[in-house]
Amino acid sequence: MVRGIRALAEGSILENVRRTPCSCRPILVDPPIAAINRRAAGKLIQQVRRRAKRIVLELETGDGFVIEPRMTGLMLVSDPPDVGHLRVEWLLQKGKLRRSLWFWDRRGLGTVRFLSRDHLAELLNGSTLGADALEMTAAQWLAALGRTRRAIKVALLDQALVAGIGNLYASEILHLAKISPQTQAASLSAIRVERLHAATQHVLSEAIRHEGSTLGDGTYRNALNQSGSYQNAHQVYDRAGEACPRCRTTILRIVQSQRSTFYCPRCQR
DNA sequence: ATTAATGTTCAGAA
DNA sequence: TTTCTGAACATTAA
């Protein structure tokens with residue numbers, strides 16, 4: 001998402017932000033739009049970046065937007081999947097060009113926040129989120145996982161321990177690392193944590209390279225409303241009953257923390 | 001027609 | 001203190 005909107009957003013002037021007139025319930029925007037516009041309208045968008053699963057639009061003032069797409073949110077520069085679930089529009093101006101950036105969200109669990117410079121710094125460097133999964137060292141992994149007694153799959157989804165892994169990728173990472181999702185996180189040997197570290201780097205960077213996973217319902221789209229292709233590389237996610245690509249054993253689905261986990265009971269120990 | 005599932009996060013309870 | 005549960009929402013499949 002960040003890659004897709006960066007060229008448009010960075011260096012643009014934000015004319016204003018508005019909720020789009022759609023029939024669905026309003027998503028959380030905080031503070032209210034009018035208050036945001038008083039502080040943000042007319043300002044330059046200096047930088048677009050990612051922090052774990054959040055998108056940050058930072059203004060020249062140091063204040064900035066933090067967007068959480070959650071389950072079904074998308075940042076778009078054009079052609080929404082359907083206009084009925086468009087939620088927020090940023091009107092941008094770059095030279096003579098006037099274009100819009102959109103937040104589309106089918107379920108509406110996503111959020112848009114506008115934070116002061118200080119609160120933004122707290123989000124980016126504070127302790128609510130752990131270190132970013134793609135920037136952590138193996139030693140940081142070992143320390144983070146040693147702090148919990150939960151199963152490794154559950155721990156991987158705790159954004160305060162490791163930030164940036166979602167449900168789908170947790171299953172894929174554990175399969176690649178050959179680790180059972182039910183293993184106690186803190187009981188993993190340093191060697192196995194190193195494997196987990198490497199598997200995370202691999203799965204997440206490949207998923208990003210392939211523009212994400214567009215699953216059966218087709219919700220996930222890049223900023224140009226195009227499907228991703230990483231779903232074609234999935235080994236276990238949503239494949240219960242099928243053969244493990246590595247050892248042909250039947251893939252299982254279990255529920256942990258009210259979320260589905262898919263794994264191979266033979267090659268994941 | 002219900003019920004459960006879906007890529008997430010958080011408040012409040014245990 | 002840490003971990004678990006249910007709710008927020010819209011849509012589809014069973």
Side-chain angles (χ1 to χ4, degrees), chain A residues 1-2 19-20 22-30 50-55 66-76 80-88 103-113 123 126-130 133 144-175 181-182 184-186 200 203-204 206-208 210-223 227-241 252-262:
Chain A
M1 290 183 189
V2 163
R19 286 183 188 273
T20 55
C22 76
S23 53
C24 43
R25 289 190 154 71
I27 61 156
L28 187 146
V29 175
D30 181 64
R50 178 187 69 80
R51 172 78 172 89
K53 303 179 193 177
R54 291 142 205 228
I55 295 149
V66 176
I67 297 116
E68 272 185 33
R70 301 214 181 166
M71 300 283 272
T72 54
L74 301 176
M75 291 299 288
L76 298 162
D82 66 86
V83 80
H85 295 94
L86 265 185
R87 309 284 183 155
V88 177
F103 182 65
W104 179 94
D105 189 358
R106 194 177 49 146
R107 285 177 73 175
L109 299 175
T111 65
V112 173
R113 291 191 157 87
L123 172 95
S127 56
T128 25
L129 286 180
L145 298 181
R147 294 207 302 266
T148 180
R149 293 156 52 167
R150 288 170 294 177
I152 183 61
K153 161 62 161 39
V154 178
L156 288 181
L157 296 182
D158 183 344
Q159 304 297 303
L161 288 187
V162 176
I165 299 174
N167 195 47
L168 180 171
Y169 295 115
S171 283
E172 292 299 322
I173 287 165
L174 289 169
H175 182 264
Q182 300 177 96
Q184 293 257 314
T200 301
V203 168
L204 293 186
E206 280 296 285
I208 290 170
H210 287 91
E211 308 259 4
S213 303
T214 301
L215 300 181
D217 69 354
T219 298
Y220 182 74
R221 304 255 147 188
N222 69 13
S227 294
S229 62
Y230 193 71
Q231 67 279 6
N232 301 321
H234 291 177
Q235 304 290 294
V236 291
Y237 185 79
D238 208 16
R239 297 203 187 292
L252 300 182
R253 171 186 180 270
I254 59 173
V255 174
Q256 295 177 287
S257 286
Q258 308 168 104
R259 323 252 357 237
S260 287
T261 302
F262 298 89

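Here is how names work: the chains are called A, B, and so on, in the same order as the sequence lines, proteins then strands, and each is numbered from 1. Note that these values count all heavy atoms, side chains included, but never hydrogens, waters or copies made by symmetry.
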* Using only side-chain N and O atoms of A/H85, determine if any of them is under 4.0 Å from OP1 or OP2 of C/dT11. => yes

* To do: Select base, sugar-phosphate, or nothing to describe what A/G108 touches, counting heavy atoms under 4.0 Å on all strands.
  => nothing

* In sequence, state the C-alpha distance, the side-chain angles, and the governing distance for A/L215 and A/L168, and then conclude on side-chain contact (heavy atoms from CB on, under 4.5 Å). => CA-CA 10 Å; A/L215 300 181; A/L168 180 171; 4.0 Å; yes

* To do: Give the nucleotide from the list C/dG6, B/dT9, C/dT11 with an atom nearest to the side chain of A/Q258.
  => C/dG6

* Structure fact -> Rounded to whole Å, the CD1-P distance (A/I27 to B/dT9) equals 15 Å

* Asked: Nearest of B/dA5, C/dA10, C/dT3 to any side-chain atom of A/C24?
  -> C/dA10

* Structure fact -> Whole-Å distance, A/I67 CD1 to B/dT8 P, equals 17 Å

* C/dC9: pairing nucleotide in any strand, Watson-Crick or G-U under 3.5 angstrom -> none

* To do: Measure from the side-chain heavy atoms of A/R87 and tell me the nearest of B/dT9, C/dA10, B/dT6.
  => C/dA10

* Structure fact -> A/Q184 atom CD is separated from C/dT3 atom P, nearest whole Å, by 9 Å

* Starting from P on B/dC10, measure out to CG on A/L123 and report it in whole angstrom. => 10 Å

* How do A/R106 and A/Q159 order along DNA chain B: which one's closest nucleotide is nearer the 5' end? -> A/R106

* To do: Mind checking the CZ-CG spacing from A/R70 to A/L28? Nearest 0.5 Å is all I need.
  => 8.0 Å

* To do: Using a 4.0 Å heavy-atom cut-off across all strands, classify A/R259 as base, sugar-phosphate, or nothing.
  => base

* NA contact type, A/R253, heavy-atom cut-off 4.0 Å: base, sugar-phosphate, or nothing? -> sugar-phosphate

* What nucleic acid atoms does A/E68 come within less than 4.0 Å of, heavy atoms only: base, sugar-phosphate, or nothing? -> sugar-phosphate

* Asked: How close or far is atom P of B/dC10 from atom CG of A/L109, stated in whole angstroms?
  -> 12 Å

* Distance test, side-chain N/O of A/T148 to OP1/OP2 of C/dT3, below 4.0 Å -> yes

* Asked: Starting at CZ of A/R239 and ending at P of B/dT6, how long is that distance when rounded to a whole Å?
  -> 16 Å

* After noting the C-alpha distance and the side-chain angles of A/R147 and A/D158, does the key distance pass the side-chain contact (heavy atoms from CB on, under 4.5 Å) rule? -> CA-CA 12 Å; A/R147 294 207 302 266; A/D158 183 344; over 6 Å; no

* Counting just side-chain N and O atoms, does A/R150 come under 4.0 Å of either OP1 or OP2 of C/dT3? -> yes

* To do: With heavy atoms under 4.0 Å as the rule, sort A/S213 into base, sugar-phosphate or nothing.
  => base

* Asked: Can you check whether A/R25 has a side-chain N or O nearer than 4.0 Å to OP1 or OP2 of C/dC9?
  -> yes

* Asked: To the nearest Å, how far apart are A/L157 CG and B/dT6 C1'?
  -> 14 Å

* To the nearest 0.5 angstrom, please state how far the NZ atom of A/K153 sits from the CZ atom of A/R259. => 6.5 Å

